Amino acid sequence: MMMIKLWMVTCLQLAELFVSSVVHLIYGFYIFSTAVAGDVSQKLSDYLFKSNVGGETDQSQSNVEGLPPIVLVHGIFGFGKGRLGGLSYFGGAEKKDERVLVPDLGSLTSIYDRARELFYYLKGGRVDFGEEHSEACGHSRFGRDYGKGQYPEWDEDHPIHFVGHSAGAQVIRLLQQMLADKAFEGFEETNENWVLSVTSLSGAFNGTTRTYLDGMRTDDGISMKPICLLQICRIGVIMYDWLDVSWLKNYYNFGFDHFNISWKTTGVRGLVDCLVGNSGPFATGDWILPDLTIQGSTSLNSNLQTFPSTYYFSYATKRTRRMMGMTVPSGVLGIHPMLFLRVFQMSQWRFPQDVSPPYKGYRDEEWQENDGAMNTISMTHPRLPVEHPSRFIRSDSECQTLQPGIWYYKIVEADHITFIVNRERAGVQFDLIYDSIFQRCRKHVFRKIPQTLPNHQSPRCPSSPR
């Protein structure tokens with residue numbers, strides 16, 4: 001009887017793995033083909049209808065010189081400007097403001113590596129991952145050279161607004177901590193006040209139970225199960241980087257170039273070493289999934305602060321509801337097909353009884369509301385290992401004095417990818433979310449005097465902080 005039960009459970013797990021793999025592959029192919037089609041269409045349009053946009057660019061540039069940039073930081077499997085042709089990770093939201101930067105960071109690299117890369121993308125220079133970290137994780141110390149950078153004047157007097165989706169929110173928090181700790185060699189003048197505001201959209205602050213469903217082990221939050229969705233992903237990524245097809249990697253890059261996995265440097269033996277787990281990012285744990293488990297996030301958060309001079313905002317998303325004492329998906333049509341199964345699984349999640357809970361006081365019920373990728377409790381504000389100051393708001397229009405050093409958070413009915421890639425899915429909600437984010441950055445968040453927007457009078461808002 002036990003053998004039959006075990007056999008049935010194994011068959012169900014393999015069936016779930018097959019369905020999850022197919023759904024994710026189809027979605028990945030859809031994104032890639034959409035990008036290619038858009039790229040071809042744009043090039044054809046440029047060829048047939050060449051337009052002269054000469055003087056407008058210079059005028060626009062001169063109008064925004066006094067504005068601090070708003071930097072949009074993508075999440076896991078994400079991409080920045082210049083990747084996947086003309087496709088926008090943020091669904092074109094960057095066009096809503098005159099000065100927005102969309103960096104392309106490693107889509108699967110660790111929170112640490114991405115934070116280092118983000119600094120040099122903005123400030124300029126060659127990415128320095130740090131000698132100690134690079135040696136421990138088995139990769140080159142130096143990475144891409146960003147030249148003069150996108151915002152070389154960045155300092156305390158020229159701070160930046162950051163907006164992060166999913167894991168991008170943790171990248172921003174770690175970057176701010178690195179600035180406070182003066183962790184960048186040759187830039188001893190950095191401090192936390194280089195960051196003016198942080199806005200999180202479905203942010204991965206405290207980890208997610210989805211990592212365990214995808215294949216991370218519940219007992220340590222670092223290693224993977226032998227058969228799981230993440231193992232399939234691992235093999236695919238290793239092969240992609242080892243083959244090192246230049247035009248393909250220019251189109252989309254997982255960000256592991258500093259591990260030197262390419263066949264040109266490692267040969268067949270290097271591929272075997274990566275596949276069996278002797279080398280590479282998956283062997284050393286220097287990739288993003290260990291940072292997204294509850295254990296990994298708690299460890300990361302133990303060194304991250306909420307700073308008293310920075311403004312913090314968070315939009316937590318959910319696609320579940322309580323019904324007859326249970327947490328269930330809130331409908332079918334409103335949830336992306338790629339996420340529906342995970343919404344259901346996460347809403348029924350139970351931490352294994354034979355494994356120690358990830359933190360003292362953990363309760364399964366608190367982690368069941370979710371958006372298909374993140375648990376809602378994890379997205380509101382940093383909670384683990386110590387809860388940071390926070391304030392729940394029901395509407396962006398609430399007139400209240402905004403105070404730095406506090407996480408203002410709002411819960412929105414949406415799944416994890418509602419506000420990225422395909423803006424049509426979100427409809428008017430897309431514009432409401434991003435308009436509120438950009439307007440807050442421009443009109444309600446400043447340390448000295450309100451900034452003057454291009455073609456606008458200096459804003460007067462009695463409830464704005466001075």
Side-chain angles (χ1 to χ4, degrees), residues 59-75 78 80-81 88-103 118 122 150-151 154 158-166 168-169 171-172 175-176 194-203 310-317 379 393 395-404 407-410 412 414 417-461 463-465:
Q59 180 64 34
S60 173
Q61 186 64 33
S62 63
N63 279 340
V64 301
E65 278 184 359
L67 291 176
I70 297 174
V71 181
L72 306 183
V73 184
H74 64 74
K81 186 176 181 181
S88 168
Y89 178 86
F90 288 93
E94 61 269 25
K95 298 177 182 177
K96 287 181 170 290
D97 188 86
E98 292 87 350
R99 197 170 196 187
V100 177
L101 299 174
V102 189
L118 180 56
L122 293 165
Q150 294 295 316
Y151 194 53
W154 186 27
H158 303 86
I160 291 176
H161 298 285
F162 287 93
V163 179
H165 175 254
S166 191
V171 173
I172 296 166
L175 172 61
Q176 185 176 28
W194 285 32
V195 177
L196 182 52
S197 75
V198 177
T199 300
S200 166
L201 192 55
S202 306
T310 301
Y311 296 86
Y312 298 93
F313 309 89
S314 176
Y315 294 91
T317 46
M379 293 183 273
I393 61 171
S395 171
D396 290 312
S397 61
E398 290 181 19
C399 188
Q400 57 179 313
T401 301
L402 304 177
Q403 300 177 25
W407 284 94
Y408 292 86
Y409 70 91
K410 178 184 178 182
V412 181
I417 59 176
T418 297
F419 302 111
I420 61 171
V421 184
N422 185 359
R423 66 183 300 164
E424 282 73 25
R425 278 195 69 232
V428 68
Q429 199 177 19
F430 181 96
D431 294 308
L432 291 174
I433 286 286
Y434 283 106
D435 285 346
S436 67
I437 291 173
F438 291 137
Q439 286 175 15
R440 185 185 302 114
C441 289
R442 294 305 185 210
K443 295 182 179 180
H444 302 290
V445 174
F446 37 81
R447 291 202 183 107
K448 297 179 181 178
I449 59 173
Q451 60 229 340
T452 301
L453 302 176
N455 304 319
H456 286 75
Q457 297 294 323
S458 181
R460 291 190 176 95
C461 179
S463 65
S464 300

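Keep in mind that this is a model prediction, so the values were computed, not measured.
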Heavy atoms only: give me the nearest [X]-[Y] pair and the separation to one decimal.
X: H165; Y: F90; result: CB-CE2, 4.0 Å
X: A169; Y: S200; result: CB-OG, 3.6 Å
X: R442; Y: P68; result: NH1-O, 2.7 Å
X: V412; Y: Y315; result: CG2-CD2, 4.0 Å
X: V71; Y: P103; result: CG1-CD, 3.7 Å
X: C441; Y: I70; result: CB-CD1, 3.9 Å

**Study point:** Test salt bridge (Lys or Arg N to Asp or Glu O under 4.0 Å) applied to D431 - qualifying residues, sequence neighbours left out
**Key:**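 D431: salt bridge (Lys or Arg N to Asp or Glu O under 4.0 Å) contacts with K96, R423.
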Practice item. Could you tell me which residues satisfy salt bridge (Lys or Arg N to Asp or Glu O under 4.0 Å) with K81, sequence neighbours excluded, listed by chain and number? Key: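 So K81 forms no salt bridge (Lys or Arg N to Asp or Glu O under 4.0 Å) with any residue.
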**Study point:** Within-4.5 Å side-chain heavy-atom neighbours: I437 and F313
**Key:** no
Practice item. Indicate yes or no: at least one non-hydrogen side-chain atom of T199 is less than 4.5 angstrom from one of H161. Key: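 A side-chain contact is absent here, since even the closest heavy-atom pair is not under 4.5 Å.
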Could you tell me the separation between the [atom1] atom of [X] and the [atom2] atom of [Y], rounded to the nearest 0.5 Å?
X: S202; Y: I420; atom1: OG; atom2: CD1; answer: 8.5 Å
X: D97; Y: L67; atom1: CG; atom2: CG; answer: 7.0 Å
X: E98; Y: F438; atom1: CD; atom2: CZ; answer: 10.5 Å
X: L101; Y: I160; atom1: CG; atom2: CD1; answer: 7.0 Å
X: Q176; Y: L196; atom1: CD; atom2: CG; answer: 10.0 Å

Point to revise | Derivation of the side chain to side chain contact (heavy atoms under 4.5 Å, CB included) call for M379 and Y409 | key: CA-CA 9 Å; M379 293 183 273; Y409 70 91; over 6 Å; no
Among all residues two or more places apart in sequence or in another chain, which pass the ring pair (Phe, Tyr, Trp, His ring centres under 6.0 Å) test with [X]?
X: F430; result: Y434
X: H74; result: Y89
X: W407; result: F205, Y312

Check your understanding: W154 side chain to W194 main-chain N or O, any donor-acceptor pair under 3.5 Å?
Key ->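 Side chain of W154 to backbone of W194, a donor-acceptor pair under 3.5 Å: yes, one is there.
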Point to revise | T310 side chain to V195 backbone, donor-acceptor under 3.5 Å | key: yes
Check your understanding: In chain order, what residues pass the side chain to side chain donor-acceptor pair (under 3.5 Å) check against E94, with sequence neighbours excluded?
Key ->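 Listed in chain order: S88.
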Review point. Of L201, L118, L175, which is the lone residue that meets side-chain contact (heavy atoms from CB on, under 4.5 Å) with V73?
Key: L118
